[in-house]
Amino acid sequence: MALEKYGRFSDDGREFIITRPDTPAPWVNYISNTRYTGIVSHTGGGFSYWMDPRDSRITRFRYNSLPWDRPGRYIYVRELDGEYWSLSWQPVPKDLDFYECRHGMGYTTITTEYRNLRGEITYFVPPDDDLEIWRIRLQNKSYEERRLSLFSFVELCLGHALVDLINQPNDQHFNIVKYDREHKAIYATKNYWVTYKEATVKQPNQAWNKYVFFTTSLPIISHDGSKDAFIGKWRSESNPEGVERGVLAETDITAGDACAALHSEMTLGPHEEADFIVLLGCVDAEGYRDKAHPIIQKYLDLRNVESSFADVKRYWDSYLSSPQVETPDQNMNLMLNTWAKRQAWVTFNMNRNAGYYHGGLLFGVGMRDQCQDMMGPLLAEPDTVADRLLEVLSHQFTDGSTLHNYFKLTGQGEKTGHSDTPLWLPLAIMNYLKETGDFAFLDKTAPYQDGGEGDVRQHLERAIEYTLSNLTPNHLPKFGPGDWNDTLDYVGRKGIGESMWVAEFLCFILRESADLLERIGAAEKATYYRREYDLIARALNERCWDGEWYIRGTRDDGGVVGSSKNTEGRIFMNAQSWAVISGIALPDRASQAMDSAYRLLGTERGPQILAPAYRHPDPGVGLATRCVPGKKENGAIFNHVAAWAILAECVLGNGNRAYEYYRQTMPNNQAHDPDVYKMEPYVYSEYVTSPEHETFGQASHSWLTGSGVWMLRDGLDYILGVRPTYDGLMIDPCIPSDWDGFKITRRFRGAIYEIEVKNPNHVQKGVKRIEVNGKEITGNVLPLATEGELLRVTCILG
Ligand code: GLC
């Protein structure tokens, strides 16, 4: 496989091993305990933050920079003859004798060899304290004694990252970096902190509420707190003056660009090895010395570092332990057992915010994204999801509308009026209930953004009823300033245009909520929701069937989006897939819609979001039409959309086609030509360029995409078909007919289900017989069991 040109998965699948540094793009990983987070590339590049990458940024990252991927977490090694290099290849990119980077679950290890010195640096964040640990091992592979100078370096941002970026000439007047001789550590903060969006208007009268510390286990000979002093005039991280000189300038700063650089020395005898540690972390500003000191003491002890590293591994072993699958497709196993789960954990915690391609400056926590991302951690940590759900609900208004996004540290956000946003709350609540059976959760209370509070059930109903109160005279939802597709942003701003996709999504939520309400004895409300479902479904079928597929929307100006009447943007996948998922499509239309989508949107790398791409900006549609054809929402293979197409094909029972889309879009398949694909082969990217652009096959926006979690749940819940219902775990596989079967082990409400599915007749769907512990059951919902019980399940398809 050509992927091997740059790397491969480890045998246990838990690491991606990059074997040469000059990858087509920075290939990154996350180290995080969900409070302290670092993004680490395979060259040591990336930034760190606490809680929110905009409001509480620790280190800098240079956007659109040349060279790529700077700055980062660097260790420079210098020998007596003045030759120097770095342990992560960058920023002093020498022609190394050996290079390897292992991106693992919560850690990254980079190993290099140069001049017979082997350097291994592992970056990770311990679960209990808010810092990152760099654990370094050096090995002298020569027969000579080596005298080494070592320089550890980070460039500091200190506080509000957007202000740092746009107001640097002023912002730097508030930086404080000083070396503390007693603690043998650099401490840094900023005497000014902007916590609100109106940053540039309001002058804040406060200091950043954090102090950063940076230290090492080696004796410190010299240091720098001034970036200019460390780097020197007209230089860069590639040739810092401090390193070239061999000793640092002992700068503390009260103004200027901040860095933390520490210089130590080490002598290594022939074939001798030595370990040392570098720590970068943050504590509350108040009493920071007393708070930082014990943490520093703790982690400068290698034994504590080792045991925290073991904790990280243990956490991930447990997190990934369920479900585990064995299908005939090794790449699918890798994604479902490890990487899609890992990616969903990252998207749940980093949102569409803390990433290489999102910058961490603008987006905060997107409500709709967060509600979907919950489906990942729900498999392993339902309690964490319950807490997050309550946090999300607290950003709903009393009328049922919601903020579109919010910032964790300020509790503020934007209210944009996107027509879909409130509806994601009910989905997240119901997903939680199906997994846990914890109906008491409906009685928990959460505040409203504009005051007062309500129980979870009220939050759910208000989201639905708010959407129902915003229908047009045709009984269809208004498009508003956008729906799930943010870039259809001028279809319906005047309140006339309608979103067919929101209509379908609303129907789905109405049907699901009616089921829930009946179950908890609210029959009247359930009937109301079902009546609304029927009315909207009828409006959709009467007004929105185009002949061979469903249209995507109507415009304020009376035009239509996603119709054969259009020359561009004639068909949209979401309007077809959700017609099926919501059940609104009449039976013959359901298949016809998905067949049209397959025919008109299918490519060898997965289905396009829409086709043909827009080639002329259309002010009555918006941003999608301004984007280059074949990329992003203008006709790319948008993986989130592909995931819903897979779900819809599963609903229709088309296992072969569902799997065809699934296989096409998996990153470890896509990256068979990594120089074309470019992004990381181990996580989904937001999209892959479609044949409508000359860079067909190139991926973009890796890591932070809803496709990670949806592809995870598609694979587990719909293709393998083992999914939670209120009554128990349902088995309803929809697989490619050439599969002989598969195995899946899944924890559900405390019990363990070991499930083997056999497909002797090579069907795509249809359960013939299920045995639980050797006894046949009726139906395809497995009985609930007691905590810790193991159930052996055999299922025969046919
Ligand atoms: C981006 C946004 C997501 C949106 C999608 C489609 O991924 O984060 O919220 O639904 O684009 O526009």
Side-chain angles (χ1 to χ4, degrees), residues 366-372 389 392-405 413-431 446 448-450 454 456-486 488-489 491-517 522 524-540 543-544 550 552-554 556 574-575 578-579 581-584 644:
M367 291 288 265
R368 77 154 83 89
D369 301 329
Q370 183 71 175
C371 288
Q372 296 169 72
L389 250 172
V392 161
L393 293 178
S394 72
H395 298 297
Q396 185 181 30
F397 294 84
T398 36
D399 67 357
S401 64
T402 60
L403 287 181
H404 188 62
N405 60 340
E414 281 174 292
K415 189 174 184 186
T416 57
H418 280 74
S419 44
D420 64 315
T421 314
L423 290 176
W424 294 102
L425 303 180
L427 179 80
I429 295 167
M430 290 186 283
N431 283 335
Y448 289 103
Q449 181 83 21
D450 51 346
V456 171
R457 179 177 156 194
Q458 189 185 64
H459 279 273
L460 177 147
E461 290 176 10
R462 285 194 180 172
I464 295 170
E465 284 152 34
Y466 175 80
T467 312
L468 286 173
S469 71
N470 261 310
L471 306 182
T472 67
N474 297 327
H475 217 75
L476 290 167
K478 293 176 187 161
F479 214 118
D483 61 14
W484 171 86
N485 190 330
D486 289 323
L488 300 178
D489 50 350
V491 176
R493 284 194 180 235
K494 294 191 182 133
I496 303 165
E498 298 153 322
S499 167
M500 301 319 144
W501 176 78
V502 175
E504 293 163 350
F505 182 42
L506 173 59
C507 280
F508 174 79
I509 293 296
L510 284 168
R511 189 185 64 189
E512 291 277 308
S513 304
D515 286 351
L516 170 68
L517 291 168
E524 214 173 304
K525 200 59 21 121
T527 310
Y528 165 47
Y529 285 3
R530 289 204 196 282
R531 208 169 49 231
E532 286 299 318
Y533 179 100
D534 290 341
L535 290 172
I536 298 166
R538 189 179 321 138
L540 277 166
R543 301 182 163 273
C544 307
Y550 287 93
R552 180 64 172 80
T554 60
D556 280 341
N574 280 355
W578 279 88
I581 297 167
S582 64
I584 64 99
W644 289 334

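Heavy-atom contacts from other residues, nucleotides or ligands closer than 6.0 Å to CZ of Arg511 number more than 12.
Taking Phe479 as the reference, nothing meets the ring-ring contact (aromatic ring centres under 6.0 Å, His included) condition, with sequence neighbours excluded. Looking at residues two or more places apart in sequence or on another chain, you find a side-chain contact (heavy atoms from CB on, under 4.5 Å) between Thr416 and His404, Glu414, His418. Applying the ring-ring contact (aromatic ring centres under 6.0 Å, His included) test to Phe508 and every residue at least two apart in sequence or in another chain returns Trp578.
The side chain to side chain contact (heavy atoms under 4.5 Å, CB included) test with Leu393 singles out one residue from Gln449, Met367, His459, and that residue is His459. Here the options are Trp424, Trp484, Trp644, the test is ring-ring contact (aromatic ring centres under 6.0 Å, His included), and the partner is Phe505; only Trp424 passes.
Atom OG1 of Thr472 sits about 3.5 Å away from atom CD of Glu498, to the nearest 0.5 Å. One finds the CG atom of Leu460 at 9.0 Å from the CD atom of Glu465 (value rounded to the nearest 0.5 Å). Leu516 CG to Met430 CE: the interatomic distance, rounded to the nearest 0.5 Å, is 6.5 Å.
When all heavy atoms of Ser582 and Glu504 are compared, the closest pair comes out as CB-O, 3.2 Å.
Under the 4.5 Å side-chain criterion, counting only non-hydrogen atoms from C-beta, Asn574 is not in contact with Met500. Side-chain contact between Val491 and Asp483: absent, with no pair of heavy atoms (C-beta onward) separated by less than 4.5 Å.
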